[in-house]
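In what follows, residues are counted from 1 in the order of the sequence shown.
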Amino acid sequence: MTGFNLRPLIALTAAATAMQAVPAIAQNMTIEQARKQVAPFYEMLNQPATKDLKPLSEQALSPDWKSYSGETDFKGRDAFVGQVTGFGKLIPDLKWDIKEVLVDGNRIIVRSEASGTPVAPLFGVPVGGKSFKIMTIDIHTIKDGKAITAHHVEDWAGAIRQLSAK
């Protein structure tokens, strides 16, 4: 073919390949790599009153990390550490048990079970020596080796029902 310039086609193909390379690498994260990535985050949630949460948060979460509990409701890293510290005092045996980890690109989806026995009123429910076990779902977005966001849902209504049951 005379006069046909392949350079634009080659450049376009190279650009498309480069754009696909990053997601392809992220999608190749194994379940074990994902578990290792989120381990410091869940270590923060297990008996948080017994440890220094700041270094764990800095290891796992970017400085501008956001924890979303709703579409627009979120806490930053420091506020989250404060919240977890408060939960640790309220529920000294708090445990977050990972049940399943899934990977989708740069997202790590964790299905877990939170459990504990409050030593003070929890969401208005008086202390009664009862424990709770609830399902939780977290979607962590990872960039440059650290979480940049977490979207999460916990069945706190289930905890209230369990703690209120006669």
Side-chain angles (χ1 to χ4, degrees), residues 26-27 29-166:
Q27 289 175 357
M29 184 185 320
T30 67
I31 298 299
E32 286 309 309
Q33 289 169 326
R35 282 182 178 272
K36 186 176 179 180
Q37 177 74 48
V38 298
F41 178 82
Y42 290 94
E43 180 63 23
M44 288 174 52
L45 300 176
N46 286 301
Q47 297 182 329
T50 65
K51 56 191 78 159
D52 185 0
L53 301 180
K54 187 168 175 55
L56 288 169
S57 73
E58 291 170 351
Q59 180 183 353
L61 312 173
S62 71
D64 59 346
W65 174 82
K66 292 182 175 96
S67 172
Y68 287 90
S69 59
E71 202 56 37
T72 58
D73 298 328
F74 66 86
K75 287 181 177 49
R77 185 172 74 182
D78 292 340
F80 181 77
V81 167
Q83 179 184 22
V84 171
T85 299
F87 268 113
K89 292 174 183 171
L90 179 62
I91 312 164
D93 63 344
L94 183 62
K95 182 178 179 191
W96 235 266
D97 185 27
I98 296 174
K99 300 294 186 181
E100 183 177 20
V101 174
L102 302 168
V103 178
D104 182 23
N106 68 334
R107 290 190 172 90
I108 301 170
I109 300 97
V110 178
R111 180 178 60 83
S112 58
E113 181 179 71
S115 61
T117 308
V119 296
L122 178 68
F123 301 122
V125 178
V127 175
K130 294 181 180 180
S131 299
F132 66 86
K133 284 187 180 183
I134 59 172
M135 184 173 66
T136 73
I137 304 287
D138 299 309
I139 304 171
H140 304 274
T141 302
I142 308 301
K143 182 179 177 188
D144 299 328
K146 294 193 179 203
I148 57 170
T149 62
H151 290 81
H152 58 92
V153 177
E154 299 92 19
D155 182 17
W156 291 115
I160 291 169
R161 282 192 304 277
Q162 292 169 43
L163 296 171
S164 300
K166 299 286 179 193

S.K.: Taking Thr136 for the side chain and Val153 for the main chain, is one N or O donor matched with an acceptor at less than 3.5 Å?
M.R.: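 Absent.
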S.K.: Would you say the side-chain atoms of Asn106 pair up with the backbone N or O of Thr141, donor to acceptor, closer than 3.5 Å?
M.R.: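 No, because the side chain of Asn106 does not come within donor-acceptor range (under 3.5 Å) of the backbone of Thr141.
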S.K.: Can you sort out the partners of Arg111 under salt bridge (charged side-chain N to carboxylate O under 4.0 Å, His left out), two or more places apart, ordered by chain and number?
M.R.: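 Glu100.
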S.K.: List the atom pairs, donor and acceptor, that lie under 3.5 Å between side-chain atoms in residues 81-94 and the rest of the protein, sequence neighbours left out.
M.R.:
residue: Thr85; atom: OG1; partner: Val81; partner atom: O; Å: 2.8
residue: Asp93; atom: OD1; partner: Thr117; partner atom: N; Å: 2.8
residue: Asp93; atom: OD2; partner: Thr117; partner atom: OG1; Å: 3.3

S.K.: Considering only residues two or more places apart or on different chains, which pairs with a residue in residues 100-135 satisfy ring-ring contact (aromatic ring centres under 6.0 Å, His included)?
M.R.: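 Sorted pair list: Phe123-Trp156, Phe132-Trp156.
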S.K.: Checking Lys36 now: which residues fulfil salt bridge (charged side-chain N to carboxylate O under 4.0 Å, His left out) with it, not counting sequence neighbours?
M.R.: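 In terms of salt bridge (charged side-chain N to carboxylate O under 4.0 Å, His left out), with neighbours along the sequence ignored, Lys36 is linked to no residue.
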S.K.: Using salt bridge (charged side-chain N to carboxylate O under 4.0 Å, His left out) as the criterion, list what pairs up with Glu43, not counting sequence neighbours.
M.R.: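 For Glu43, the residues satisfying salt bridge (charged side-chain N to carboxylate O under 4.0 Å, His left out) (neighbours in sequence not counted) are Lys51.
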S.K.: The criterion is salt bridge (charged side-chain N to carboxylate O under 4.0 Å, His left out); which residues satisfy it with Asp97, sequence neighbours excluded?
M.R.: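 So Asp97 forms a salt bridge (charged side-chain N to carboxylate O under 4.0 Å, His left out) with Lys99.
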S.K.: Can any side-chain N or O of Lys146 pair as donor or acceptor with the backbone N or O of Glu58 at less than 3.5 Å?
M.R.: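 Yes, because the side chain of Lys146 sits within donor-acceptor range (under 3.5 Å) of the backbone of Glu58.
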S.K.: So does Arg107 have more than 12 non-hydrogen atoms from other groups sitting under 6.0 Å from CZ?
M.R.: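 12 or below, so no.
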S.K.: Test your reading of the model: is there a side-chain donor-acceptor pair from Gln37 to the backbone of Gly145, 3.5 Å cut-off?
M.R.: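 Yes: the side chain of Gln37 pairs with the backbone of Gly145.
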S.K.: Classify the ring geometry of Phe80 against Phe41: parallel below 30°, tilted from 30° to 60°, perpendicular beyond 60°.
M.R.: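 Correct class here is parallel.
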